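First comes the structure, then the notes that go with it.
Proteins get letters first, then strands, A, B, ... in listed order; numbering begins at 1 in each. In this text the structure is predicted, and so the values were computed from the model without any measurement.
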Amino acid sequence: AQSVTQLDSQVPVFEEAPVELRCNYSSSVSVYLFWYVQYPNQGLQLLLKYLSGSTLVKGINGFEAEFNKSQTSFHLRKPSVHISDTAEYFCAVRTAGSNTGKLIFGQGTTLQVKP
Amino acid sequence: GAGVSQSPSNKVTEKGKDVELRCDPISGHTALYWYRQSLGQGLEFLIYFQGNSAPDKSGLPSDRFSAERTGGSVSTLTIQRTQQEDSAVYLCASSLGYPEDEQFFGPGTRLTVL
């Protein structure tokens with residue numbers, strides 16, 4: 001079975017400061033990794049994904065994430081946050097190379113950007 | 001083009017009633033997913049349709065839950081004899097169909113069971 005753990009339920013940070021949202025996963029098979037963002041009262045939107053190749057992945061809105069296979073982590077980072085980044089962030093995994101499409105999500109991290 | 005749409009946006013029902021939730025995927029997307037988002041359980045996979053293949057129903061929590069996809073497009077999630085623990089936001093997503101493809105999510109249906 002696969003699982004995803006997001007280590008922080010809430011992350012408060014001041015505007016223009018850097019931020020890291022942590023994600024660890026557990027799986028006996030290779031996985032694809034995703035970060036989604038959910039703005040208040042909106043649906044989920046893909047930020048970035050790791051399928052293969054370079055372990056540093058860049059996404060939208062200045063976010064990036066690094067896949068670390070030995071530590072089974074996929075932490076999300078942004079060097080300077082804006083008020084508009086306030087949202088809930090979800091890390092997710094999916095079995096690589098199989099026909100199943102289902103995503104297994106972490107519990108989410110609420111990013112609160114303060115002025 | 002249009003994104004994934006879901007209806008209704010909100011549904012309030014009484015315990016024991018049946019409800020139907022509708023999802024219209026993005027045109028041309030062969031894969032369709034239902035997820036549930038609740039305070040206690042987070043985001044959970046419910047069911048996955050891919051083309052004409054048998055659906056993956058492994059996430060349905062009980063036999064009160066069922067879903068169908070007609071004509072490879074619109075999908076309906078049905079919950080029979082609703083219980084208070086069914087209260088949640090039900091999200092639908094669609095994708096082109098390959099496992100690595102991005103899933104595009106709809107805005108969800110908020111179900112409240114009184």
Out of curiosity, B:L43 CG to A:L44 CG, how far, rounded to the nearest 0.5 Å? 5.5 Å
Checking B:F104 against chain A: side chain, backbone, both or neither under 4.5 Å from a heavy atom? neither
State the NZ-CD distance between A:K49 and B:Q103, to the nearest 0.5 angstrom. 10.5 Å
Shared ILVMFWY cluster between B:L91 and A:I104, side chains joined below 4.5 angstrom? no
Would one find more than 12 heavy atoms of other residues, nucleotides or ligands at under 6.0 Å from atom CG of B:L39? no
When clusters are formed by joining ILVMFWY residues with side-chain heavy atoms under 4.5 Å apart, either directly or through shared neighbours, do A:L7 and A:V31 land in the same one? no
Minimum heavy-atom separation for B:Y33 and A:R94, please, with both atom names. OH-NH2, 2.9 Å
Heavy-atom side-chain proximity of A:F105 to B:F45 below 4.5 angstrom: no
Is any side-chain heavy atom of B:F105 closer than 4.5 Å to a side-chain heavy atom of A:L46? no
Starting at OH of A:Y36, measure out to CD of B:E102 and round the result to the nearest 0.5 Å. 5.5 Å
Taking side chain as everything from C-beta outward and backbone as N, CA, C, O, which of these in B:S58 sits under 4.5 Å from a heavy atom of chain A? Side chain, backbone, both or neither. side chain
Got a sec: does the CZ of B:R110 have more than 12 other heavy atoms crowding it under 6.0 Å? no
Linking I/L/V/M/F/W/Y whenever their side-chain heavy atoms sit closer than 4.5 Å, directly or via other members, would A:L103 and A:W35 fall into one cluster? no
I need the A:N41 CG to B:S9 OG distance, nearest 0.5 Å. 11.0 Å
So, the part of A:Q38 with a heavy atom under 4.5 Å from chain B: the answer is side chain
Check the hydrophobic clustering (I, L, V, M, F, W, Y; side-chain heavy atoms under 4.5 Å; chains of links allowed) and say if A:I83 and A:V13 are grouped together. yes
Could you report the tightest heavy-atom contact between B:Q37 and A:F90, atom names first, then the distance? NE2-CZ, 3.5 Å
Exceeds 12 heavy-atom contacts within 6.0 angstrom, atom CZ of A:F14: no
